[in-house]
Amino acid sequence: MFAQTFLEILNADFYAGVPDSQLKALCDCLMQTYGVNNRHHIIAANEGNAVGLAAGYHLATGKIPVVYMQNSGIGNIINPAASLINEHVYAIPSIFVVGWRGEPGIHDEPQHVYQGMVTLQLLLDMQIDTFILDQDTTEDMLWQQMHAWQDDLAAGKSVAIVVRKNGLRHQEKANYHNDNRMMREDIIRCITDVSGEDMIVSTTGKASRELFEIREAKGQSHGYDFLTVGSMGHSSSIALGIALNAPNKTIWCLDGDGAVLMHMGAMALIGANAPANLIHVVINNAAHETVGGMPTVANEVDLVSMAKACGYARACSVSDEQALKDALESAKASGQLSFVEVKAAIGSRADLGRPTTTPIENKTAFMENISIP
């Protein structure tokens, strides 16, 4: 089904969510139809945030909002879905559009497998009636389902459309870019040059894939790195937990702007604990690049001032190779909690691979390496 037709059948005028590669056709269509961060469409910091936005929209207009997400984001909506918009609380109806990563029988990355197995059950447990949309779904079938849901929506219940791979398509591909020059892979290579045998915790998505391939190309051990293949937004918390309990090791957190925004409170906790052995590097391309390139609000946020306000002893922003190298070396030599924002371009190699080790193998190698005095 074409994404534009999908929007016409939903007949909503407010959409909030977090981009997903499975929903790229929908995301591109929303961008081209409405743009972003306005009264019709907001890219949220996280999926729970999107539910809050949707609730506010309904309270102001009485209309039914649409919240879109990858199924990994269901965990972020459980609290507001159960304790805010549920029919037994405020009865605020929402239409959830969920990209079904890790669908049983469809090969996917390890972080999606279990989530894919429990997706429908989680929605069922929340008493959210579900319709599965795939390549064979016709316009008439979706029209009929929306008509069947009218009484539930009027009663304040929420419903969900779970989208299988290639369930939606869009004729025009959006092209996302910025004016920054440094590529993320080159930035990560510079970090590995400076970090040496220090430990690195890398965020989910292409950053971890690039870090893995850089180690392969250098013939270096993957035991230096913990690849946060899922759990977007939690790499810095993982790094904090490691830094506090391995004070003899220098820990680098390799983060992304979308991940930082998703769970921004983690920075306040890092600053409050102020581990002197943690270096937090945020590669900021102001985009959810791994899932298609839709923008974040990172360019509207002063991350350096925020880090300082949270208690980081040192914080700076760089946008060229020499400044990056100098900032990383200075942070490592300082012996203080440090924050480095790196302005990055959007884009990656077309032949970028994926880790060839399993998450369990990655964990085992990392734990063995960090235990070495």
Side-chain angles (χ1 to χ4, degrees), residues 187-204 207-208 210-231 233-256 259-260 263-283 303-304 306-316 318 324-342 355 357-373:
I187 294 167
I188 297 172
R189 187 175 294 106
C190 183
I191 293 170
T192 61
D193 289 342
V194 175
S195 63
E197 296 186 349
D198 297 338
M199 314 301 287
I200 296 178
V201 178
S202 60
T203 190
T204 187
S208 282
E210 288 167 342
L211 176 59
F212 186 91
E213 294 216 336
I214 287 168
R215 296 297 195 195
E216 287 282 289
K218 288 184 171 186
Q220 294 177 336
S221 169
H222 295 294
Y224 297 123
D225 311 321
F226 181 81
L227 310 178
T228 313
V229 294
S231 196
H234 292 301
S235 294
S236 62
S237 296
I238 296 168
L240 173 61
I242 295 170
L244 292 174
N245 291 282
N248 60 321
K249 301 282 188 178
T250 297
I251 310 300
W252 297 70
C253 177
L254 177 54
D255 221 341
V260 165
H263 295 295
M264 194 179 285
M267 287 184 62
L269 199 62
I270 292 170
N273 282 273
N277 59 330
L278 179 59
I279 301 170
H280 191 178
V281 182
V282 176
I283 300 176
L303 293 177
V304 170
M306 189 176 77
K308 290 178 179 177
C310 285
Y312 286 68
R314 300 164 51 86
C316 67
V318 298
L324 171 62
K325 185 173 184 293
D326 291 345
L328 296 177
E329 291 177 344
S330 178
K332 182 171 181 175
S334 72
Q336 294 179 298
L337 172 61
S338 299
F339 180 92
V340 180
E341 176 192 34
V342 190
T357 56
T358 67
I360 295 295
E361 289 170 337
N362 175 213
K363 181 193 76 169
T364 300
F366 184 86
M367 292 180 71
E368 288 176 351
N369 200 31
I370 204 168
S371 66
I372 299 172

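- Residues Leu337 and Gly271 come closest through the heavy atom pair CD2-CA, 4.0 Å.
- Atom CG of residue Asn369 and atom OG of residue Ser221 lie 5.5 Å apart, to the nearest 0.5 angstrom.
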Check against side chain to side chain contact (heavy atoms under 4.5 Å, CB included), Val260 and Thr203: CA-CA 10 Å; Val260 165; Thr203 190; over 6 Å; no

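- Partners of Ala307 according to the side chain to side chain contact (heavy atoms under 4.5 Å, CB included) rule, which considers only residues two or more places apart in sequence or in another chain, are Met267, Tyr312, Ala315, Phe339.
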Extract all donor-acceptor atom pairs below 3.5 Å that involve side chains of residues 239-251 and protein atoms in other chains or at least two apart in sequence.
{"residue": "Asn245", "atom": "ND2", "partner": "Gly241", "partner atom": "O", "Å": "2.8"}
{"residue": "Lys249", "atom": "NZ", "partner": "Ile372", "partner atom": "O", "Å": "2.7"}

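- To the nearest 0.5 angstrom, Thr192 atom OG1 is 5.5 Å from Ile214 atom CD1.
- Closest non-hydrogen pair, Ser235 versus Val201, comes out as O-CG1, 3.7 Å.
- Not counting sequence neighbours, the partners of Lys218 by the salt bridge (charged side-chain N to carboxylate O under 4.0 Å, His left out) test are Asp193.
- The distance from the CD1 atom of Ile283 to the CD atom of Glu341 is 11.0 Å, given to the nearest 0.5 Å.
- The shortest side-chain heavy-atom distance between Ile200 and Trp252 falls under the 4.5 Å cut-off.
- For residues 361-373, no residue pair satisfies the salt bridge (charged side-chain N to carboxylate O under 4.0 Å, His left out) rule, not counting sequence neighbours.
- Qualifying ring pair (Phe, Tyr, Trp, His ring centres under 6.0 Å) partners for Phe212, counting only residues two or more places apart in sequence or in other chains: His222.
- Within the model, atoms SG of Cys190 and CG of Leu324 stand 4.0 Å from one another, a figure rounded to the nearest 0.5 Å.
- Looking only at side-chain heavy atoms (C-beta outward), Leu211 and Ile191 stay at 4.5 Å or farther from each other.
- Rounded to the nearest 0.5 Å, atoms CG (Leu303) and SG (Cys316) are 12.0 Å apart.
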Applying side chain to side chain contact (heavy atoms under 4.5 Å, CB included) to Thr228 and His234, what does each step give before you reach the verdict? CA-CA 8 Å; Thr228 313; His234 292 301; 5.6 Å; no

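- Between the side chain of Asn273 and the backbone N or O of Leu269 there is at least one donor-acceptor pair closer than 3.5 Å.
- Partners of Asp225 under the salt bridge (charged side-chain N to carboxylate O under 4.0 Å, His left out) rule, at least two apart in sequence or in another chain, are Arg215.
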Enumerate, atom names and distances included, each donor-acceptor pair closer than 3.5 Å involving a side-chain atom of residues 326-333, sequence neighbours excluded.
{"residue": "Asp326", "atom": "OD1", "partner": "Gln322", "partner atom": "NE2", "Å": "2.9"}
{"residue": "Glu329", "atom": "OE2", "partner": "Lys325", "partner atom": "NZ", "Å": "2.7"}
{"residue": "Ser330", "atom": "OG", "partner": "Arg314", "partner atom": "NH2", "Å": "2.4"}
{"residue": "Lys332", "atom": "NZ", "partner": "Val194", "partner atom": "O", "Å": "3.1"}
{"residue": "Lys332", "atom": "NZ", "partner": "Ser195", "partner atom": "O", "Å": "3.3"}
{"residue": "Lys332", "atom": "NZ", "partner": "Asp198", "partner atom": "OD2", "Å": "3.3"}

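- Residues passing the side-chain hydrogen bond (donor to acceptor under 3.5 Å, both in side chains) test with Glu210, sequence neighbours excluded: Arg184.
- Interatomic distance, Met367 CE to Asn362 CG, rounded to the nearest 0.5 Å: 11.5 Å.
- Shown here are the side-chain hydrogen bond (donor to acceptor under 3.5 Å, both in side chains) partners of Ser208, two or more places apart in sequence or in another chain: Ser202.
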